[in-house]
Novice: 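Handing you this structure, nothing more for now.
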Number of protein chains: 2
Amino acid sequence: MVSARATPPSLLGLSTYLLSRVGKTARSRLALRLSERGLRLWDMAVLAALADFGPHAQRDLVARLGVDPSDMAKVVEQLAAGGHVERDRDPEDRRRVLVTLTPAGRTLLTELDAEARAVQDEVLAPLDAEERRVLRELLLRVHGPEGAPYAP
Amino acid sequence: MVSARATPPSLLGLSTYLLSRVGKTARSRLALRLSERGLRLWDMAVLAALADFGPHAQRDLVARLGVDPSDMAKVVEQLAAGGHVERDRDPEDRRRVLVTLTPAGRTLLTELDAEARAVQDEVLAPLDAEERRVLRELLLRVHGPEGAPYAP
DNA sequence: TCCTATGGTGGGTGTCGACCCACTATCTGT
DNA sequence: ACAGATAGTGGGTCGACACCCACCATAGGA
């Protein structure tokens, strides 16, 4: 007899379903860890952007990460309050706010990265190292190097 | 120069991030299609469970799909209103409601399945058939045949 | 200098999914 | 027949997320 908890094969045959399901657990587990520090996913994304590409005007963070400007203001506000980024007016255009990663922010990002890898180990437990590599490769191709092209 | 829209490599190196991102687009695109018919993802899951395993008591649907009983009631109510399932009291235990797929429901599921595959073609466009197969295989392993074990 | 556009901020809205509680109907064991 | 468990339902809450608008400061061109 089939387990009364088995997922319907009709759904398991759909990559769409698997992606959304697995993606959801990955997302929520990571979000859980971050929330223990009072952070959300966007905070991490902003820190990563600053670490990888250097200081950004807030509008450039908006463009890069595809968030609403108003929401970005709130994220940056929170990160600044925690001492993880610095906000300075751009002297060349005093409308702009230059956001810079502080050493504390860099440290935080390192920790968050470790958290993310821990989550990864949980979620991808059934796969060996090689399989994980293949999976990451495929996901990267799907995602596209430029971020998901938004074609409505 | 690097595109001002490129996603931070720090994030692209994390399968956690990729999974959550790609999963989210898959999820929301499918949800969009379903919402055009006034349906949600759970509706499809319920139809699939009924098609694959035959009639269920509502409580068994709850156990199989891991939804809140109260929410399941609403989903089933909606499906019944649309004529896609039938609800009958179980004569052997009149507390139970037996949910059965109607022919209309089966037809609907077929259509929804086609929609899901269309979404799949959009999302997985960068991959060829073999790569898609590998991806599906890996996701299936990650998901586990019994559905994600929920270990809090 | 005035007009318009741009960058940023604060506040509010709508939706969504997950969850929880109170209540009714029914069953089961004593 | 009664007590306690179980199945389903209706109603409401909560947090996350995306989105939108009004507003202020500043810049840059006519």
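Order of the sequence lines sets the chain letters (A, B, ...), proteins ahead of strands, with each chain counted from 1.
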Novice: Looking at A/A116, is its backbone amide N or carbonyl O close enough to the side chain of B/T16 to form a donor-acceptor pair, meaning the two atoms are under 3.5 Å apart?
Specialist: yes
Novice: Rounded to the nearest angstrom, tell me the gap between atom CG in A/D68 and atom C1' in D/dA16.
Specialist: 15 Å
Novice: B/L30 has an atom CG; how far is it from atom P of C/dC16, in whole Å?
Specialist: 14 Å
Novice: Is it true that A/H143 and B/R21 share a donor-acceptor pair across their side chains at a distance under 3.5 Å?
Specialist: no
Novice: Without decimals, in angstroms, what is the distance between A/Q58 CD and D/dT26 P?
Specialist: 16 Å
Novice: Let's see if you get this right: which residues in residues 85-100 of chain B place a heavy atom under 4.0 Å from DNA chain D?
Specialist: B/R87, B/R95, B/R96, B/V97
Novice: With sequence neighbours left out, what residues match B/S15 under side chain to side chain donor-acceptor pair (under 3.5 Å)?
Specialist: none
Novice: Just wondering, do A/V85 and A/T100 contact through their side chains at under 4.5 Å, heavy atoms?
Specialist: no
Novice: Pick the nucleotide of DNA chain C nearest each of B/G66 and A/R59; which residue has the one closer to the 5' end?
Specialist: A/R59
Novice: Could you pull out all residues at least two apart from A/E86 that satisfy salt bridge (charged side-chain N to carboxylate O under 4.0 Å, His left out)?
Specialist: none
Novice: Any donor-acceptor pair under 3.5 Å linking the side chain of A/T102 with the backbone of A/G105?
Specialist: yes
Novice: Give, ordered by number, those residues of residues 31-45 of chain A having at least one heavy-atom distance below 4.0 Å to an atom of DNA chain C; if nothing qualifies, reply none.
Specialist: none
Novice: In whole angstrom, what separates A/L61's CG from C/dG7's C1'?
Specialist: 13 Å
Novice: Heavy-atom contacts under 4.0 Å between residues 70-79 of chain A and DNA chain C, which residues?
Specialist: A/S70, A/A73, A/K74
Novice: How many angstroms lie between atom CE of A/M44 and atom CG of A/L109, to the nearest 0.5 angstrom?
Specialist: 6.0 Å
Novice: Working to the nearest 0.5 angstrom, can you tell me the gap between A/M72 CE and A/R64 CZ?
Specialist: 10.5 Å
Novice: Just by distance, no angles: are the side chains of B/Q58 and B/R87 close enough, under 3.5 Å, to form a donor-acceptor pair?
Specialist: no
Novice: Do the side chains of A/R117 and A/D121 get close enough for a salt bridge, i.e. N-O under 4.0 angstrom?
Specialist: no
Novice: Indicate every side-chain donor-acceptor pair of residues 45-52 of chain A with a distance under 3.5 Å to a residue at least two apart or in another chain.
Specialist:
{"residue": "A/D52", "atom": "OD1", "partner": "B/S10", "partner atom": "OG", "Å": "2.6"}
{"residue": "A/D52", "atom": "OD2", "partner": "B/S10", "partner atom": "N", "Å": "2.8"}
{"residue": "A/D52", "atom": "OD2", "partner": "B/S10", "partner atom": "OG", "Å": "2.8"}

